[in-house]
Amino acid sequence: MTELSANNPILADLTPEQADAVQHMEGPLLILAGAGSGKTRVITRRVAHLLQQGVKPYNVLAITFTNKAAQEMRQRIDTLLPGNRVWISTFHSFGARIMRQYAEHFDLDKNFTIYDMDDRLKVIKIAMDAVTVPGVEKFTPDRIGNAISRAKNQLLTPDAFYRQENDFLGQIASHVYAIYQKKLKEANAVDFDDLLFMPALALQTNEDFRNTLDARFKYILIDEYQDTNQAQYIMARFLSKASQNICVVGDPDQSIYKWRGSDIRNILDFERDFPKAKVITLDRNYRSTKSILHAASTLISRNKNRKKKGLITDNPEGEAVKVLTFDSGLDEADQIARQIKDKVASEKASYRDFAIFVRMNALTRTIESAFIKNGIPYQIVKGLAFFERKENKDILAYLRLLVNPQDNISFLRAVNEPARGIGKVSLEHLSGFAEQHQIGLLRAAANVEKVPNIKGKAAKGLKEFAQLMHVLREHIEDKPHEVIQLVLEQSGYRAMLKDSRDPEDEERLANVEELITAAMQFYNEDGERTITDFLEQITLASDVDGWDEKQDHVSVMTLHASKGLEFPIVYILAVEEGILPHERSLQKDEDIEEERRLAYVGMTRAMRELFLCNSKVREFRGQSLYAIPSSFLGELPEEVQRQDLSISSQRMASYSGFGTKAPFDWNKAAFTSSSAKVSPSPVQVGDTLSEELRPGTIVQHEGYGIGQILDVNGFGALRKVKIRFATQGDKTFVADKVKLKIVNKK
DNA sequence: CTGTCCTTTGTTTTT
DNA sequence: CAAAGGACAG
């Protein structure tokens with residue numbers, strides 16, 4: 001390098017390892033970047049450095065995990081080197097763009113629709129109805145859909161999937177898969193998985209296609225490589241076959257998407273795949289206090305299937321990490337709200353400094369009401385929930401059908417909204433006709449007079465709808481927001497909402513008006529953008545893409561969504577057995593390890609303060625049930641402070657007369673409360689403390705008599721207890737429903 | 001065909 | 001406790 005780093009902002013303020021990674025030019029590079037190790041800085045600088053060294057922006061491809069991350073990276077690079085337009089996107093957006101550009105390679109029209117999960121489910125149901133194999137009815141569309149998704153992630157076509165040795169589900173799914181794919185094709189639509197599957201397969205099998213793209217993308221950079229799946233892996237490999245200039249960045253300890261097909265081996269085997277790879281480890285953390293880092297490191301070190309490594313920091317010790325115990329979820333939410341309010345009032349922090357992480361979306365409800373009650377500004381970072389409202393989805397269905405007249409799913413959604421007298425039966429006739437003539441539903445509707453059995457109101461409605469779409473199609477090139485305006489007007493949708501006496505329709509009307517604003521903003525950012533772009537952005541948006549970090553509010557999100565972010569003060573809610581780790585991961589060690597990584601990801605987001613919360617009673621599906629602190633809490637180092645903030649703990653200090661034995665020894669030892677106690681809850685719960693139901697305990701059941709508990713599993717209403725009775729064999733009960741008398745504790 | 005009321009059903013995480 | 005699906009009357 002000829003430039004002096006002191007004068008070059010691209011190389012300024014970097015550690016030797018970071019500078020090494022930034023300046024690496026040719027050949028494969030693996031950057032193992034621990035949490036908070038300045039990864040974002042390194043990758044943006046690296047791209048900037050490549051450009052500075054004369055690499056053409058056109059030849060660079062950077063893959064990020066979210067569109068938001070892509071946007072940020074674009075801006076940072078633009079700040080360093082203005083005017084360079086590098087291709088930065090997620091794998092899915094990349095796939096979509098390639099597929100539109102080379103639509104003919106994929107046997108698609110370039111205005112294809114990308115189906116989301118809802119759409120996918122509908123197509124699966126249609127395919128399951130159409131398939132003739134016996135046994136389909138044994139599976140839910142959901143399970144079939146997952147099986148198909150897995151097949152696509154492994155680059156298996158319906159044929160290949162069928163030929164593969166399969167269990168019963170796989171056999172059935174492979175048949176549905178073939179029809180499902182045919183239906184998608186007919187609708188000129190693809191699903192999320194296709195955006196990876198199709199380009200990956202094309203790269204693998206079509207050498208010309210591969211050469212073209214490989215030659216174009218001479219330098220590839222992939223972030224969050226630990227969470228890539230097989231299809232993404234193939235894309236990465238085949239795009240960098242000639243140049244070998246592939247740089248991947250990741251942290252095996254933060255791999256949290258195995259359930260979605262991610263394969264941690266992709267990163268672990270990088271050096272095997274690219275024998276000449278240079279490996280740089282970034283193990284210095286700049287984000288968190290020593291306390292936080294130590295707590296997180298101690299937890300993650302419990303994972304057996306893991307390369308040993310540690311993170312170090314020069315940051316101060318800071319506040320101790322705290323485990324907080326509350327009476328109930330309501331109480332947990334309320335006390336956290338107060339803590340936040342107090343800290344903001346005393347000017348120790350702003351609202352934007354706080355983040356609340358949860359394992360499941362359902363847990364945001366209570367915290368949301370507590371924030372509303374306490375007047376705390378907040379944002380729930382959950383996708384573009386706005387676009388998922390019924391009224392907006394309806395309007396978007398019109399748009400999708402305009403752009404892609406073959407889109408049958410959107411047709412079915414829009415055709416009778418507002419009501420045009422078209423019911424289920426008419427649509428079945430229409431589908432039959434469309435099937436018979438191999439045309440789309442819209443085209444069939446345009447020829448409704450030729451369809452037998454559709455008469456009267458329904459026929460008139462269909463004809464009118466087809467004509468409406470025909471008229472609207474004239475405006476397809478108009479600005480997105482103007483098209484929406486037109487759709488609202490001419491479809492009668494706006495009139496329907498306006499004339500309604502349902503008070504909620506007023507809000508719906510406001511929402512669709514806001515949809516126009518959203519489209520206008522989208523267009524104003526870039527006048528080249530089309531309706532197709534607008535629709536694509538909405539469909540491919542990730543949860544954090546809707547997050548507005550500029551606002552001064554508390555951020556509430558899932559642990560998954562928190563990946564890659566950082567906040568001064570972090571609360572993780574419901575760190576309870578069955579929630580984190582999640583009940584459905586408890587069977588397999590490798591699944592529990594992923595839950596531990598998830599907890600690790602959440603903890604390492606915190607810069608200054610970290611609170612891990614649990615409550616004694618958790619409200620769930622309208623019921624209140626005893627909750628057990630997460631086993632992860634017992635894996636934290638000693639200096640973590642444990643505070644029992646439950647009212648019952650204060651009140652019960654002098655109370656005796658119920659159980660005297662804490663359910664877990666480590667719990668008893670670790671929590672600061674003075675005397676061991678299992679308190680009767682202030683809320684109504686089942687007759688038997690489900691905490692006391694543990695394997696080995698001898699119990700008596702009214703009808704079955706004496707038995708011994710074999711197994712207890714599940715959480716909340718799903719918690720089951722399996723009992724072996726002396727005379728009646730094994731029986732399984734719902735833990736909070738069954739009445740049992742404890743005879744002999746284990 | 002449409003709207004309403006009632007039963008059933010279900011909950012991990014998401015591009 | 002909700003949302004979603006099914007049954008039924010208008």
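So you know, we letter chains A, B, ... as the sequences are listed, proteins then strands, and number each from 1. These numbers come from the heavy atoms of this one structure, side chains and all, not from hydrogens, waters or symmetry mates.
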Is the phosphate of B:dT14 approached by A:N361 (side-chain N or O, under 4.0 Å from OP1 or OP2)? yes
Using a 4.0 Å heavy-atom cut-off, does A:S426 contact any base of the nucleic acid, only the sugar-phosphate backbone, or nothing at all? sugar-phosphate
Whole-Å distance, A:E224 CD to B:dT14 P, equals 15 Å
So what does A:I256 hit on the nucleic acid, given a heavy-atom distance under 4.0 Å: a base, only sugar-phosphate, or nothing? nothing
Report the distance from atom CG of A:L330 to atom P of C:dC1, rounded to the nearest whole Å. 12 Å
With a 4.0 Å cut-off on heavy atoms, is A:N416 in touch with a base, just the backbone sugar-phosphate, or nothing at all? sugar-phosphate
Most 5' of A:G421 and A:R584 on DNA chain B, judged by nearest nucleotide: A:G421
Using the ring centroid of each side chain, check whether A:H560 and A:W259 are separated by less than 6.0 Å. yes
Rounded to whole Å, the CG-P distance (A:L462 to B:dC1) equals 10 Å
Just one of A:F106, A:F112, A:Y115, A:F197 clears the side chain to side chain contact (heavy atoms under 4.5 Å, CB included) bar with A:V190, so which one? A:F112
Closest to the A:T90 side chain: B:dT11, B:dT13, B:dT15? B:dT15
Is the base of B:dT13 stacked against the aromatic ring of A:W259, taking ring centres under 5.5 Å apart and planes under 30° as the test? yes
To the nearest Å, give me how far apart CZ (A:R260) and P (B:dT13) are. 13 Å
Say we look at C:dA4 and B:dT13: how far apart would their C1' atoms be, to the nearest angstrom? 22 Å
What is the separation between atom NZ on A:K563 and atom C1' on B:dT15, rounded to the nearest whole Å? 11 Å
Between A:D142 and A:G423, who's closer to the 5' end of DNA chain B by nearest nucleotide? A:G423
If I take atom NZ in residue A:K390 and atom P in nucleotide C:dA3, what distance separates them, rounded to the nearest angstrom? 14 Å
Residue A:V425, side-chain heavy atoms: nucleotide from B:dC1, B:dT13, B:dT2 that is nearest: B:dC1
Measure centre to centre between the rings of A:Y257 and A:F65, then say whether the value is under 6.0 Å. yes
With a 4.0 Å cut-off on N to O distance, would you call A:E536 and A:R400 a salt bridge? no
To the nearest angstrom, how far is A:H92 atom NE2 from B:dT14 atom C1'? 9 Å
Is A:K460 touching bases, backbone alone, or none of the nucleic acid, heavy atoms closer than 4.0 Å? nothing
When you measure from the side chain of A:K125, which nucleotide among C:dG5, C:dA3, B:dT14 comes out closest? C:dG5
Evaluate the ring planes of A:W87 and A:F217, with Trp represented by its six-membered ring, and classify them as parallel (under 30°), tilted (30 to 60°) or perpendicular (over 60°). perpendicular
Is A:D116 touching bases, backbone alone, or none of the nucleic acid, heavy atoms closer than 4.0 Å? nothing
Without decimals, in angstroms, what is the distance between A:L121 CG and B:dT15 P? 17 Å
